[in-house]
Amino acid sequence: MIDVALLGIIRRWYIRDRIAIREIARRLDISRNTVRRYIRSDVSEPVYPARRSPSSLDEFTARLSAWLCEEAIKSRKQRRTLKQMFLDLRELRYEGSYDRVAAFSRQWKVGQMERVKSASKSTNICLKKSRMECQAGCQESSDSEFIWVASA
């Protein structure tokens with residue numbers, strides 16, 4: 001990985017000091033193609049793609065999303081705590097930490113809030129009497145009744 005200081009050195013040697021690309025590569029012990037790429041680019045700082053590392057929670061995200069969706073429609077006193085959901089995941093052979101579950105829950109809540117904020121005032125809103133439909137993957141129950149409300 002090349003940092004900004006090294007990028008400055010490469011450009012200074014090539015432009016001001018007129019050192020050959022091969023010599024720069026030899027002095028810095030990096031590839032000639034890398035030196036050539038950073039000399040030709042207009043980028044002042046190299047940008048690398050964000051790393052996506054697999055999590056032990058990945059195979060349980062659908063179930064946890066469904067649980068969070070179910071708990072979101074319950075009253076505060078009837079909801080399960082995140083700790084209880086974590087213990088239920090443990091029974092399903094989840095081997096990760098509580099912190100991962102809590103981080104997923106926070107991210108899920110932010111996603112739900114963004115969906116609510118992005119909804120326009122002129123959209124039709126579907127209210128369910130028995131269960132609220134959730135975009136995160138909750139399954140609709142066949143006994144629920146729908147009420148369509150057009151907001152102005």
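The figures here come from the full heavy-atom set of this structure, side chains too, leaving out hydrogens, waters and symmetry mates. Here the structure is a predicted model, which means the values were calculated and not measured.
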**Message:** Do I30 and I10 make a side-chain contact, defined as non-hydrogen atoms from C-beta onward lying under 4.5 Å apart?
**Reply:** yes

**Asked** Is the backbone N or O of Y38 less than 3.5 Å from a side-chain atom of R11, with the two atoms forming a donor-acceptor pair by type?
**Response** yes

**Asked** Under 6.0 Å from the CZ atom of R63, do we count more than 12 heavy atoms belonging to anything else shown?
**Response** no

**Asked** How about I39 and I15: do any of their side-chain heavy atoms sit closer than 4.5 Å?
**Response** no

**Message:** Using a 3.5 Å distance criterion without hydrogens, assess whether the side chain of S105 forms a donor-acceptor pair with backbone atoms of V101.
**Reply:** no

**Message:** Please say yes or no: joined through hydrophobic side-chain contacts below 4.5 Å, possibly via intermediate residues, are L68 and V110 part of one cluster?
**Reply:** no

**Asked** How long is the gap from SG on C69 to CG on L64, to the nearest 0.5 Å?
**Response** 11.5 Å

**Request:** Taking the side chain as every heavy atom from C-beta outward, state whether F104 and S55 have any atom pair closer than 4.5 Å.
**Result:** no

**Prompt:** Taking side chain as C-beta onward, heavy atoms only, is Y14 less than 4.5 Å from I19?
**Reply:** no

**Prompt:** Do the non-hydrogen side-chain atoms of L28 and T34 ever get within less than 4.5 Å of each other?
**Reply:** no

**Message:** Measuring only between side-chain heavy atoms, which start at C-beta, is R27 closer than 4.5 Å to W13?
**Reply:** yes

**Message:** Check this for me: R80, atom CZ, are more than 12 non-hydrogen atoms of other residues, nucleotides or ligands nearer than 6.0 Å?
**Reply:** yes

**Item:** Ion pair R100/D58, N-O distance below 4.0 Å
**Value:** no

**Asked** Take atom CZ in R32; do more than 12 heavy atoms of anything else shown fall under 6.0 Å from it?
**Response** no

**Prompt:** Say you draw a straight line from CZ of R40 to CD1 of I21; how long is it, rounded to the nearest 0.5 Å?
**Reply:** 6.5 Å

**Request:** Could you grab the distance from atom CD of Q107 to atom NZ of K109, nearest 0.5 Å is fine?
**Result:** 13.0 Å

**Prompt:** Looking at CZ of R93 and OG of S56, how far apart are the two atoms once the value is rounded to the nearest 0.5 Å?
**Reply:** 15.0 Å

**Min side-chain heavy-atom separation E71-Q78 under 4.5 Å** = no

**Asked** Under 3.5 Å, is there a donor-acceptor pair between the side chain of R90 and the main chain of Y94?
**Response** yes

**Request:** Decide, yes or no, whether a salt bridge links K74 with E70 under the criterion of side-chain N to carboxylate O below 4.0 Å.
**Result:** no

**Complete:** Tightest non-hydrogen contact, residues W67 and D88, listed as CH2-CB, 3.6 Å

**Item:** Hydrophobic cluster membership, L82 vs L92, 4.5 Å side-chain cutoff
**Value:** yes

**Asked** Side chain of Q84, backbone of T81: donor and acceptor closer than 3.5 Å?
**Response** yes

**Request:** Measure the shortest side-chain to side-chain distance between W108 and T61 over non-hydrogen atoms and say whether it is less than 4.5 angstrom.
**Result:** no

